[in-house]
Amino acid sequence: MASQEDVFKKLVAHCKEYGFVFPSSEIYDGLGAVYDYGQNGVELKNNIKKYWWDSMTLLHENVVGIDAAIFMHPTTWKASGHVDAFNDPLIDNKDSKKRYRADVLIEDLIAKYDEKINKEVEKAAKRFGDSFDVELFKQTNPRVLEHAKKRDEIHERFAKAMNDNDLAELKQIIIDYEVVCPISGTKNWTDVRQFNLMFSTEMGSTAEGAMKVYLRPETAQGIFVNFLNVQKTGRMKVPFGIAQIGKAFRNEIVARQFIFRMREFEQMEMQFFVRPGEELKWFEHWKQFRMRWHQALGFGEKKYRFHDHDKLAHYANAATDIEFEMPFGFKEVEGIHSRTNFDLSQHAKYSGKKIEYFDPELNQSYTPYVIETSIGVDRMFLSVMAAAYTEEQLEGGDSRVVLRIPPVLAPVKACIMPLVKKDGLPEKAREIMDELKFHFHCAYDEKDSIGKRYRRQDAIGTPFCVTVDHDTLNDNCVTVRDRDTMQQTRVAIADLQKMIDEKINMRNLFKEIVK
Ligand code: GAP
């Protein structure tokens with residue numbers, strides 16, 4: 001069986017080969033952790049965004065959207081804390097001159113002990129066969145216990161050092177556990193320093209007149225600074241939410257795992273403003289709502305889990321991640337945070353403006369508390385691709401790669417194919433295409449054998465292939481082949497649009513989410 005690492009490599013190659021994701025400016029050898037979406041990728045990405053946007057703004061009459069600019073007044077980032085505290089702890093190896101995130105080096109070290117434990121378990125499982133009790137083995141095997149003890153020791157020191165912002169201790173852990181640079185193989189490390197993740201540039205034409213501005217590292221602040229604008233012009237009553245989709249930029253030092261950690265990425269964020277004291281009730285509400293949104297896609301409950309934060313940011317009073325099982329383990333796709341009234345209060349303080357809401361029911365003014373849901377479009381994209389990518393052995397020794405993308409998100413919904421390129425079949429196929437194209441994204445393909453055409457559509461996740469054959473000209477029916485079951489059914493052309501719409505329309509998922 002292929003290892004998860006191999007599967008991931010194949011997925012990355014597949015994304016490129018089938019027009020989903022390309023390295024940025026590839027003809028110049030690419031740009032680290034920056035990617036472009038191709039013809040199929042952009043369709044999938046747009047569908048993900050629509051699924052999110054509509055689930056916020058259609059299903060909630062008290063959630064409205066905005067589209068704020070990427071550039072913001074620089075004081076925004078002072079107020080939000082990003083100028084002073086949006087940092088990663090970095091360390092350089094003096095021999096290779098390579099730069100690493102000290103926290104990532106230590107996390108990798110901890111993961112190595114987990115790997116060692118897993119290897120012991122695998123070996124023992126082979127030796128003992130069916131009678132093997134994993135939990136008992138982990139609790140009693142001396143080598144496993146030794147590895148677990150080391151791992152927990154490091155973890156405890158690491159968590160404390162991160163909590164205390166103790167950079168010297170981070171370096172000491174790296175020294176004590178003899179972490180070596182993967183390039184030079186040496187332990188010749190510099191001190192650990194903080195490095196700000198925001199990209200900056202200059203706005204204005206002259207050097208003296210220019211102002212240092214930042215490329216936003218999150219979209220959320222565009223919502224906070226517009227709180228009063230939206231509340232007043234939309235006559236919004238607390239509780240209400242503001243949703244936004246847009247680009248964010250972070251100068252990530254450890255850029256890896258393809259589009260999981262990028263320097264330019266896209267976020268879908270919603271800030272929900274509530275009465276002080278009601279925030280934990282709403283936190284629970286949004287936690288459950290967001291999980292239902294993910295699960296409605298049908299990849300299976302086991303693919304997701306919550307990871308509640310033990311260590312909270314100083315302004316948060318509850319936080320959880322929704323993690324998805326990627327080929328490289330369970331990873332954060334979305335964060336849900338109870339951010340108190342921190343952001344609005346900070347903006348009030350730095351701008352000198354009163355940012356409050358008068359609650360007519362309570363007859364009182366207050367600074368609303370905020371529940372934030374924040375999901376990365378690219379990570380969501382990666383989770384969909386990873387769950388959808390399937391290699392299948394077929395009867396008769398044949399094989400296929402099929403993307404089992406949920407039909408609502410699939411880039412192309414149907415491919416219309418004349419069985420042969422003559423006898424009036426292409427004309428009939430075009431006629432069908434010309435009607436269906438008003439309803440959803442269709443492709444037309446008349447090249448190669450039907451089998452090859454099916455494989456091409458499987459590889460981009462098209463849920464339906466519609467074949468026009470000689471009988472079609474007499475009975476006005478077509479053969480519809482289902483991507484997942486490969487079963488073929490005869491369908492009247494008059495019923496085709498309705499039949500496909502039933503499978504690809506987001507309303508079915510929305511009804512499931514609000515149940
Ligand atoms: N406003 C809150 C916020 O930005 P975050 O946990 O830093 O919180 C939210 O980011 C989401 O944005 C993450 O769960 C992830 O999906 C996505 N994200 C963050 N950094 C990313 C990166 N470098 N590349 C791709 N996605 C990223």
Side-chain angles (χ1 to χ4, degrees), residues 21 24 31-37 41 45 48-49 52 68 70 72 76-77 79-82 85-88 101 103-104 195-199 214-225 241-272 283 286-287 290-291 293-294 304-309 311-316 318-324 326 328 330-340 342-344 346-347 370-386:
V21 183
S24 156
L31 183 66
V34 185
Y35 291 90
D36 297 339
Y37 286 83
K45 204 176 177 215
I48 290 173
K49 288 194 270 187
W52 184 87
I70 287 172
M72 299 182 72
T76 308
W77 305 109
S80 68
H82 284 82
F86 195 51
N87 299 321
D88 273 346
R101 263 175 63 178
D103 55 333
V104 172
F195 173 86
N196 194 285
L197 293 182
M198 281 196 294
F199 285 103
Y214 298 97
L215 274 71
R216 66 181 176 197
E218 61 171 15
T219 58
Q221 299 305 324
I223 294 179
F224 291 124
V225 300
I242 305 179
Q244 175 168 221
I245 300 179
K247 287 276 178 130
F249 304 82
R250 295 182 190 177
N251 198 359
E252 300 281 1
I253 293 308
V254 181
R256 54 180 182 182
Q257 286 151 341
F258 191 39
I259 54 173
F260 184 78
R261 196 174 299 285
M262 303 158 89
R263 296 200 168 107
E264 175 180 339
F265 58 100
E266 213 164 354
Q267 288 185 318
M268 306 188 280
E269 298 199 296
M270 196 276 305
Q271 313 292 327
F272 196 71
F283 174 74
W286 283 105
K287 213 175 135 174
R290 293 301 307 144
M291 188 55 111
W293 182 90
H294 284 279
Y304 307 87
R305 70 181 187 197
F306 285 118
H307 171 241
D308 295 332
H309 291 205
K311 184 190 164 216
L312 293 173
H314 62 280
Y315 52 78
T320 194
D321 295 335
I322 293 179
E323 295 186 336
F324 185 83
M326 300 277 187
F328 39 89
F330 271 95
K331 296 284 167 197
E332 173 191 339
V333 171
E334 170 157 9
I336 300 158
H337 311 117
S338 172
R339 296 177 71 125
T340 66
F342 173 78
D343 303 88
L344 290 182
Q346 285 292 101
H347 288 304
V370 171
I371 305 302
E372 169 183 76
T373 73
S374 173
I375 169 168
V377 180
D378 313 87
R379 281 194 194 173
M380 184 63 202
F381 183 107
L382 183 58
S383 69
V384 170
M385 289 298 277

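Whatever order the structure lists them in is the order used to number ligands and atoms, beginning at 1. Side chains are part of it too, since the values below use all heavy atoms of this structure and drop only hydrogens, waters and symmetry mates. This is a predicted model, so every value here is computed, not measured.
Close contacts of ligand 1 with Glu269, meaning ligand atoms under 4.0 Å from a residue heavy atom, involve 1 (N), 2 (C), 3 (C), 4 (O). Which parts of ligand 1 touch Arg339 is read off a 4.0 Å heavy-atom cut-off, strictly below it: atoms 1 (N), 2 (C). The distance from ligand 1 to the heavy atoms of Glu334 drops below 4.0 Å at these ligand atoms: 14 (O). Atoms of ligand 1 found under 4.0 Å from any heavy atom of Val333, numbered from 1 in the order shown, are 14 (O), 15 (C), 16 (O). Against a heavy-atom cut-off of under 4.0 Å, Met262 is close to the following atoms of ligand 1: 22 (C), 23 (N), 24 (N), 25 (C). Listed by number with element, the atoms of ligand 1 under 4.0 angstrom from any heavy atom of Glu372 are 1 (N), 2 (C).
Nearest to atom 21 (C) of ligand 1 by heavy-atom distance, out of Phe86, Phe265, Phe249, is Phe265. The closest non-hydrogen atom to atom 10 (O) of ligand 1, taken over Gln267, Glu252, Glu218, comes from Gln267.
Between the side chain of Asp321 and the backbone N or O of Glu323, no donor-acceptor pair lies under 3.5 Å. In this structure a side-chain-to-backbone donor-acceptor pair under 3.5 Å is present from Arg250 to Pro217. Between the side chain of Thr340 and the main chain of Tyr315, a donor-acceptor pair closer than 3.5 Å is present. Remark: the backbone N or O of Ile375 is not paired with any side-chain donor or acceptor of Glu334 at under 3.5 angstrom.
A heavy-atom distance below 4.5 Å is found between the side chains of Phe260 and Arg379.
The nearest heavy-atom contact from the protein to atom 9 (C) of ligand 1 is Ser374 OG, 3.0 Å. Among all protein heavy atoms, the one lying closest to atom 25 (C) of ligand 1 is Phe260 O, 3.2 Å. The nearest heavy-atom contact from the protein to atom 6 (O) of ligand 1 is Glu332 OE2, 3.3 Å. Scanning the protein for heavy atoms near atom 15 (C) of ligand 1, the closest one is Arg379 NH1, 3.5 Å. Closest to atom 19 (C) of ligand 1 among all protein heavy atoms lies Arg250 NH1, 3.5 Å.
Between the side chains of Asp378 and Tyr37, at least one donor N or O sits under 3.5 Å from an acceptor N or O. For the 3.5 Å distance criterion, the side chains of Glu269 and Gln244 fail to qualify, holding no donor opposite an acceptor. Side-chain N/O atoms of Gln221 and His82 include no donor and acceptor closer than 3.5 Å.
Checked by distance only, ligand 1 and Arg261 stay at 3.5 Å or farther apart across all their nitrogen or oxygen atoms. In terms of polar-atom proximity, Ile375 is not counted as a contact of ligand 1, lacking any N or O under 3.5 Å from an N or O of the ligand. In terms of polar-atom proximity, Gly376 is counted as a contact of ligand 1, with an N or O under 3.5 Å from an N or O of the ligand.
Contact detail for Ala220 and Gln271: the closest heavy-atom pair is CB-NE2, 3.2 Å. When every heavy atom of Ile322 is checked against every heavy atom of Met291, the shortest pair comes out as CD1-N, 4.0 Å. The two residues Arg263 and Gly32 have their closest heavy-atom pair at NH1-O, 3.0 Å.
Ligand 1 is never approached by Glu323 to a heavy-atom distance shorter than 4.0 Å.
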